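One structure is given here, and the rest of the page talks about it.
Everything quoted here is computed from the prediction, not taken from an experiment.
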Amino acid sequence: MKKGFLDILRCPDCKGTLSVTDDKIDGDEIVSGKLVCQGCQGTFPISEMGVPQMLPAALQSETPQDEDFQRKKIEMATRDEQVTVYDKLPLLLAFGRIEIPLSIKYAQLRPTDTLLEGGCGNGRMTQEFARCVKRLVALDFSLASIHMNLERLKSAGVTNVDLVQGDLSHLPMATDAFDRVVSCQVIEHLPSHDSRAKAIKEFSRVSKTGSKVVVTGYKYNLYERIFGTKQGEHPGKIPFFRFTKKEFKDLMEEGLKVEAIDGRLIYTWVARSQNAK
C-alpha cells in the first residue's frame, strides 16, 4: 500500500486514525506490517501483496455472533473460491458494456476527482473508472478478488488506484474523503435491510456534500414476479434481494437525496443520488 493511503484510511469500527507497526518500506510503498487504530487499538494486517485488510472486528472473527456477519463470512469464502470464474460469465460481460459507461456518465466523473468504488471484485470496472479520475480507492471484502484486481492493474500499468479489503456497511474511510462514489451490483447481496441501509449511510458519510453517488441493484420486474424469486441465495450461499422501484428509492434515501431511479438496464436499477448532508 502507498504511504499516502493513510490519509484516507480509518478504523472500520471506531473511525479512529491509524499508525503502522512492524512495517517494511520500499520507497513510497508499505510492503508489509500492520495498522493499529489509535482509538480502539484494533489491529489490521497488510497482506503479502501490500493490501490493507480493514475488516471490522466481527468479520475478522472465525465465528461471528451476529447473523449478518455470519452470512457475510460465508459469502467472502465463496467469492474467494469463485474469483477466476466471476468475470467469465457471458451475460455479465455483455451487460458491462452498457452498465459501465452509464455508471460513468451518471457519476459525472472528473479528472480531479477522488472516487470510491464500493465492491470492486476482481476488477471488471476498476480500470475504466481509474481512467476517468485522479485517484480511485477500490474496496471489496474478498481478498482473493482484491489480489487479482491488483495484478491486473499492475499488468495494465495503472498507478492511481489504492486497493483495500473492507465491508461496505463499515467503511474504513475518513469522513468527507470522496468527490464521487460508485457501487455496481453489490448492494443486493448484503444480507439484510439493516446492512444495506448502513452501507448507504456510509456512502453518505465518506462522500463530500454535493457529491454524486451512483448505486445499481437488482430489479424486481415483471419477469421475476412470474418466474423468479424476490430474494434468496445464489450457489455458494450468496444472498440476493430484488428491489421494486419504490424499495430501491427508499433505500437510497436512508442517507442520500435521490435525483432519479433509472430502469433502462435489463435487470438492475440505477440510482442517481447526491449527498445533500
Side-chain angles (χ1 to χ4, degrees), residues 66-72 74-75 78-79 86 89 91-92 94-108 116-121 124-125 140-141 167-171 180-207 211-277:
D66 180 273
E67 183 179 354
D68 275 5
F69 284 117
Q70 290 174 11
R71 297 182 72 188
K72 287 181 179 182
I74 293 170
E75 185 185 351
T78 299
R79 297 291 187 182
Y86 179 70
L89 300 173
L91 179 60
L92 188 65
F95 187 71
R97 295 178 182 177
I98 304 171
E99 183 186 24
I100 295 171
L102 190 64
S103 298
I104 290 171
K105 176 184 176 181
Y106 284 167
Q108 298 178 14
L116 171 65
E117 181 186 4
C120 62
R124 74 182 183 96
M125 293 182 157
D140 203 274
F141 68 178
D167 176 23
L168 285 190
S169 304
H170 303 81
L171 290 175
R180 299 287 188 269
V181 175
V182 177
S183 182
C184 296
Q185 293 194 57
V186 182
I187 198 76
E188 68 267 19
H189 297 304
L190 298 185
S192 69
H193 175 78
D194 183 58
S195 60
R196 295 188 286 269
K198 284 180 179 178
I200 298 305
K201 290 172 183 176
E202 281 287 80
F203 290 161
S204 175
R205 180 184 66 81
V206 302
S207 58
S211 298
K212 298 294 182 183
V213 180
V214 174
V215 180
T216 74
Y218 282 180
K219 182 192 297 184
Y220 190 52
N221 57 21
L222 179 60
Y223 176 87
E224 295 298 345
R225 292 179 187 184
I226 298 172
F227 299 106
T229 57
K230 194 171 195 315
Q231 60 184 319
E233 291 182 342
H234 293 318
K237 294 189 177 296
I238 295 174
F240 69 83
F241 183 89
R242 294 186 172 103
F243 301 91
T244 65
K245 186 175 183 178
K246 183 180 185 303
E247 287 170 338
F248 203 54
K249 183 175 185 292
D250 288 347
L251 176 63
M252 296 303 113
E253 289 180 340
E254 291 278 353
L256 301 164
K257 179 182 178 181
V258 175
E259 297 176 336
I261 303 290
D262 192 315
R264 76 181 72 178
L265 294 181
I266 299 169
Y267 66 91
T268 65
W269 300 111
V270 182
R272 292 185 287 155
S273 304
Q274 185 180 57
N275 189 337
K277 63 186 177 187

Donor-acceptor side-chain pairing of Gln185 and Tyr267 below 3.5 angstrom: yes
- line: So OG1 of Thr216 and OH of Tyr106: to nearest 0.5 Å the spacing works out to 12.0 Å
task: Spell out, as yes or no, whether a donor-acceptor pair under 3.5 Å connects the side chain of Lys237 to the backbone of Thr78.
output: no
query: So, for Ser195 and Asp68, which heavy atoms are closest and what is the spacing to 0.1 Å?
result: CB-OD2, 3.5 Å
- prompt: Can you tell me how far CD of Gln231 sits from OG of Ser192, rounded to the nearest 0.5 angstrom?
  reply: 10.5 Å
message: Contact between Arg71 and Glu67 at the side-chain level, heavy atoms closer than 4.5 Å - yes or no?
response: yes
Close side-chain approach of Gln274 to Lys212, heavy-atom, < 4.5 Å: yes
message: Using 0.5 Å steps for rounding, measure from the OG1 atom of Thr268 to the CD1 atom of Ile187.
response: 13.5 Å
- line: Minimal heavy-atom distance between Asn275 and Ser207, with the atoms involved, is ND2-OG, 2.8 Å
- request: Using a 4.5 Å cut-off on heavy atoms from C-beta on, say whether the side chain of Phe243 contacts that of Arg196.
  value: yes
- request: Measure the shortest side-chain to side-chain distance between Glu117 and Asp140 over non-hydrogen atoms and say whether it is less than 4.5 angstrom.
  value: no
- request: State, yes or no, whether a side-chain contact exists between Arg79 and Ile238 at a heavy-atom distance under 4.5 Å.
  value: yes
task: Using a strict cut-off of less than 4.0 Å between a Lys/Arg side-chain nitrogen and an Asp/Glu carboxylate oxygen, indicate whether Lys230 and Glu247 qualify as a salt bridge.
output: yes
- prompt: How about Tyr220 and Tyr218: are their ring centres within less than 6.0 Å of each other?
  reply: no
message: Would you say the ring centers of Phe141 and His189 fall short of 6.0 Å from each other?
response: no
- prompt: Is Thr229 close to Phe240 at the side-chain level, that is, under 4.5 Å between some pair of heavy atoms?
  reply: yes
- line: Nearest heavy-atom contact between Ala107 and Val182 is CB-CG2, 3.8 Å
Separation of Met125 CE from Glu99 CD (nearest 0.5 Å): 3.5 Å
field: Nearest heavy-atom neighbours spanning Ile261 and Ala271
entry: CD1-CB, 3.6 Å
CG on Leu171 to NZ on Lys201, rounded to 0.5 Å: 14.0 Å
message: Regarding Ser169 and Lys72, do their side chains bring together a donor and an acceptor under 3.5 Å, going by distance alone?
response: yes
task: Show the numbers, then the answer: is there a side chain to side chain contact (heavy atoms under 4.5 Å, CB included) between Gln108 and Arg272?
output: CA-CA 10 Å; Gln108 298 178 14; Arg272 292 185 287 155; over 6 Å; no
query: To the nearest 0.5 Å, what is the distance between CD1 (Ile200) and OG (Ser183)?
result: 7.5 Å
- prompt: So, do Phe248 and Val258 sit near enough that their side-chain heavy atoms are less than 4.5 Å apart?
  reply: no
